[in-house]
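The basis for the numbers below is simple: all heavy atoms, side chains too, and nothing from hydrogens, waters or symmetry mates. If you're wondering where the values come from, they're calculated on a predicted model, not measured in any experiment.
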Amino acid sequence: MFTTAHPDSSLAASSYAPAYDRSKLSTGIVHFGLGNFHRAHQAMYLDRLMGKGLAFDWGICGVGVMPQDAKMRDVMTSQDGLYTLVLKHSDGTLEPRVIGSISNYLFAPDDPSAVLDVMADPATHIVSLTVTEGGYNIDDETGEFKTTSPGAVHDAEHRDSPQTAFGFIVQALARRRERGVPPFTVMSCDNLPGNGNIARTAVLAQARMADPELAEWIEAKVAFPNCMVDRITPVTTPEDIEHVAGEFGLHDGWPVTAEPFEQWVLEDRFTDGRPPFEDAGVQMVDDVVPYELMKLRLLNASHQSLAHWGRLIPQVFAHESAADADIQAFTRAYLDREALPTLRPVPGIDLPAYVNTLFERFTNAGIADTLARLAQDASDRMPKFVLPTVRDNLAAGRSVELGAAMCAAWALGCEGRAEDGSQIVVDDQQGEALVAAAARQKDGEDTAFVSNELVFGSLGQDPRFVEAFTGALKAIREKGARAVLRELALSEAAARHPATLSGGQKQRLAVAACLAADKRLLVFDEPTSGIDLDGMRRVARLLGRLAAQGRAILVVTHDLELIACACDRVLHMDGGRVVGQASVRDDFDAVRTMTGASASVQTERKEKHP
């Protein structure tokens with residue numbers, strides 16, 4: 001237990017430090033995987049409760065089982081469990097806060113028995129997990145726990161010195177059963193559909209390997225609630241550490257940065273009590289499935305689209321790809337045409353509005369989330385975020401054109417080169433197999449990549465998917481990623497009469513035609529008439545692309561928002577004559593007067609697109 005042994009540290013003494021008395025904390029939760037996401041999410045929610053004078057007996061004891069977790073041990077010990085969370089708003093505002101809900105940290109290789117002792121303690125009521133998608137030792141194709149993996153075998157044979165989270169959970173539950181102590185709840189907080197069910201599968205399989213009777217007791221007595229978690233949390237950089245010290249005077253060895261958005265939807269199913277999570281903003285529900293599918297198939301799938309198309313073009317950051325007109329149009333088309341039809345109704349959620357919110361979040365440049373991070377371990381992520389949508393659409397007889405094209409972009413990235421010849425690094429636990437398959441693909445074996453059954457299962461044998469995949473692969477090679485993105489984003493509209501398109505589709509189609517035309521002067525008459533704010537932003541980005549190509553663009557408009565986002569100069573005309581002019585950048589008040597807008601009209605001038 002941390003004892004605030006360093007009360008003079010910049011974290012404890014700062015104005016951002018917790019106002020509550022941390023000496024009152026006791027451990028009620030043991031958490032495996034004390035990474036950035038947990039510290040930006042679950043630990044933050046507990047800290048919020050403690051700030052309200054609640055949940056002091058629900059302090060978190062972090063546990064690390066991997067060799068690289070030794071660094072977290074050192075940082076947490078030297079900082080008495082305190083760390084800095086900085087929220088980065090899209091307008092550049094930074095919101096720092098020192099989190100104090102971590103009551104202890106144990107590095108399991110140092111002393112496995114100490115970890116088992118705290119887990120078996122009656123005061124521990126929840127064991128939670130963020131061990132990443134690949135940490136559950138589950139076969140993606142069969143859904144079964146891999147009982148032959150070295151860690152699982154070791155933990156079944158050496159129960160008092162486990163090496164994996166599931167070995168620790170099983171042995172701690174065995175000790176509680178022997179002592180007549182109620183079992184704790186096992187709460188997975190990873191980005192997995194049915195994360196609680198998957199944790200249950202892993203724990204029961206690990207238990208059966210050593211003690212089938214114990215497995216039966218766990219199956220009958222232990223709760224494994226499912227949950228949906230959401231907050232974009234990038235990797236901490238050296239620049240983050242320097243900035244936290246320089247800007248706020250906080251000397252933190254491992255601060256966390258995150259977006260302001262937060263969401264946690266949690267099934268209210270616990271074995272031995274829980275904190276009052278709802279008082280911290282957690283949504284407690286009976287069924288989390290609609291919410292988790294929404295997040296996995298919309299947000300997480302969008303991240304894969306940004307990553308694989310963006311790295312081909314190439315780009316570096318997620319906000320670049322999200323603001324890229326071609327990538328955004330494709331990703332929105334994928335969500336609208338292929339992902340949304342596979343979802344159940346989500347209580348209290350307007351799904352089109354949720355999609356718009358995603359792109360507002362993705363374009364937050366302050367987060368500076370890298371495409372390399374989003375593409376990391378894609379062999380785990382694509383089978384969970386994208387391929388289930390492909391399978392559902394195949395089963396329903398719907399198109400999989402866009403999902404297959406996303407897979408083709410990933411496959412081409414695994415060949416190792418972007419379209420400008422720069423290197424694409426494949427950082428994946430199956431990296432060797434993926435790169436080898438991509439090499440065969442490059443040599444002419446078009447189905448080599450999708451023949452990997454560990455990733456694609458039987459999809460590589462489905463002629464509809466294979467045809468869409470190989471067609472996209474060929475098109476990207478011949479035409480380039482951008483051309484294919486544009487074709488696919490508008491492919492649904494190709495056979496439709498323009499009168500049947502929505503206002504936003506008509507405007508984007510008109511701008512797309514201009515992109516394709518070899519004209520140096522373009523005139524647009526009220527291009528945002530009848531479309532919403534999000535549609536205006538998309539048109540503004542397309543106009544920005546045209547301007548970046550050296551085209552001269554005249555826009556006839558009364559839309560002050562569009563002027564602020566897309567224009568450089570305003571000419572005020574009356575009776576066919578120019579009666580005034582002003583620079584958008586230097587004299588925006590004059591622009592406002594010319595358009596007749598009141599001073600109260602809000603604009604996005606500070607987010608002006610080039």
Side-chain (S302) to main-chain (L298) donor-acceptor, under 3.5 angstrom:
yes
Can you give me the closest heavy-atom contact between P112 and F168, atom names plus distance?
O-CE2, 3.6 Å
Salt bridge (Lys or Arg N to Asp or Glu O under 4.0 Å) evaluation trace for D279 with R48:
CA-CA 9 Å; D279 291 341; R48 183 179 290 166; over 6 Å; no
From the list V118, V115, L129, side-chain contact (heavy atoms from CB on, under 4.5 Å) with V63 holds only for V115
Sub-4.5 Å side-chain heavy-atom contact between R332 and F359:
yes
Side-chain (Q79) to main-chain (L82) donor-acceptor, under 3.5 angstrom
yes
Criterion salt bridge (Lys or Arg N to Asp or Glu O under 4.0 Å) against D392, the qualifying member of R344, R297, R398:
R297
So which atom in A43 and which in I99 form the shortest heavy-atom distance, rounded to 0.1 Å?
O-CG2, 3.9 Å
Find the distance between OG (S113) and CG (L106) and round it off to the nearest 0.5 Å.
10.0 Å
Taking the side chain as C-beta and beyond, is there a heavy-atom pair between V386 and M406 under 4.5 Å?
yes
Side-chain donor-acceptor pair present, S26, D57, cut-off under 3.5 Å
no
Presence of salt bridge, E219 and R200, under 4.0 angstrom:
yes
Begin from the C-alpha positions of W254 and T84 and carry the test side-chain contact (heavy atoms from CB on, under 4.5 Å) through to its verdict.
CA-CA 8 Å; W254 202 334; T84 311; over 6 Å; no
Closest contact, heavy atoms only, A207 versus I218:
CB-CD1, 4.0 Å
Does R231 make a cation-pi contact with F37 (under 6.0 Å, within 45 degrees of the axis)?
no
Under 3.5 Å donor-acceptor, D69 side chain and M72 backbone:
no
Could you check whether Q376 and D428, counting side-chain N and O atoms only, form a donor-acceptor pair closer than 3.5 Å?
no
If we ignore angles and hydrogens, is there a donor and acceptor under 3.5 Å between the side chains of N195 and Y136?
no
Do we see a donor-acceptor contact under 3.5 Å between the side chains of R464 and N393?
no
Could you walk me through whether K384 and D380 pass salt bridge (Lys or Arg N to Asp or Glu O under 4.0 Å), step by step?
CA-CA 7 Å; K384 295 175 176 68; D380 259 332; 3.5 Å; yes
Pairing donors with acceptors under 3.5 angstrom, does anything connect the side chains of D121 and T124?
no
Any side-chain heavy atom of L459 sitting closer than 4.5 Å to one from R391?
yes
Atom NZ in K295, atom CG in L293: separation rounded to 0.5 Å?
12.0 Å
Min side-chain heavy-atom separation D462-L394 under 4.5 Å
yes
Without hydrogens or angle criteria, can the side chains of H41 and E262 be said to hold a donor-acceptor pair below 3.5 Å?
no
Is there a donor-acceptor pair under 3.5 Å between the side chain of E259 and the backbone N or O of T233?
no
Any chance the side chains of D155 and Q206 put a donor and an acceptor closer than 3.5 Å?
no
Distance (rounded to the nearest 0.5 Å) between N137 CG and T201 OG1
11.5 Å
Atom CG of L358 and atom CE of M294: how far apart are they, to the nearest 0.5 Å?
8.5 Å
Heavy-atom count check: over 12 atoms from other residues, nucleotides or ligands less than 6.0 Å from D350 CG?
yes
Counting C-beta onward and ignoring hydrogens, is there a side-chain heavy-atom pair between T164 and V65 closer than 4.5 Å?
no
Within the distance-only criterion (no hydrogens, no angle test), does the side chain of H31 pair as donor or acceptor with the backbone N or O of G33 below 3.5 angstrom?
yes
When you look at Q42 and S128, which way does the side-chain hydrogen bond (donor to acceptor under 3.5 Å, both in side chains) test go after all the steps?
CA-CA 9 Å; Q42 182 185 334; S128 55; 3.2 Å; yes
On the six-membered ring of Y105, is R73 placed so that its NZ or CZ lies under 6.0 angstrom from the centre and within 45° of the ring axis?
no
Should the pair R39 and Y83 be classed as cation-pi, given the thresholds of under 6.0 Å to the six-membered ring centre and 45° from the axis?
yes
Value rounded to 0.5 Å, distance of CD1 in I29 from CG in L46:
4.5 Å
Taken to the nearest 0.5 Å, the spacing of N36 CG from T236 OG1 works out to 4.0 Å
Taking the side chain as every heavy atom from C-beta outward, state whether W58 and I126 have any pair of such atoms under 4.5 Å apart.
yes
Have S399 and R337 got a donor and an acceptor in their side chains that come within less than 3.5 Å?
no
Are any non-hydrogen side-chain atoms of F56 and L54 less than 4.5 angstrom apart?
no
Partner of V282 under side-chain contact (heavy atoms from CB on, under 4.5 Å), chosen from V265, L266, D268:
L266
Can you name the closest pair of heavy atoms from P183 and V222 and give their distance?
CB-CG2, 3.7 Å
Between D272 (side chain) and H125 (backbone), is there a donor-acceptor pair under 3.5 Å?
no
D160/R175 under salt bridge (Lys or Arg N to Asp or Glu O under 4.0 Å): CA gap, chis, key distance, verdict:
CA-CA 10 Å; D160 288 323; R175 292 188 180 185; 3.2 Å; yes
Measure from the side-chain N and O atoms of D190 to the backbone N and O of L192, and report whether any donor-acceptor pair falls under 3.5 Å.
no
Quick one, E213 with R208, criterion salt bridge (Lys or Arg N to Asp or Glu O under 4.0 Å). Give me CA distance, side-chain angles, the key distance, then yes/no.
CA-CA 8 Å; E213 186 178 337; R208 290 191 189 104; over 6 Å; no
May I have the step-by-step check of side-chain contact (heavy atoms from CB on, under 4.5 Å) for M76 and L34, ending in yes or no?
CA-CA 10 Å; M76 286 289 98; L34 201 76; 4.0 Å; yes
Counting only heavy atoms not in K52, do more than 12 sit closer than 6.0 Å to its NZ atom?
yes
With distance as the sole test, does R373 use its side chain to make a donor-acceptor pair with the main-chain N or O of V235 at under 3.5 Å?
no
Hey, can you tell me if H154 and H158 have their rings parallel, tilted or perpendicular (30° and 60° cut-offs)?
parallel
Does K146 offer a backbone N or O that forms a donor-acceptor pair with the side chain of S149 under 3.5 Å?
yes
Do side-chain atoms of T370 reach the backbone of F317 as a donor and acceptor pair under 3.5 angstrom?
no
Closest non-hydrogen contact found for S321 with G310 is OG-CA, 3.6 Å
Side chains of H89 and L94: closer than 4.5 Å at any heavy-atom pair?
no
On a heavy-atom basis, the closest approach of D47 and P18 is OD1-CG, 4.2 Å
Go through H303 and F362 one step at a time and tell me if the ring pair (Phe, Tyr, Trp, His ring centres under 6.0 Å) criterion holds.
CA-CA 9 Å; H303 271 162; F362 294 160; 4.9 Å; yes
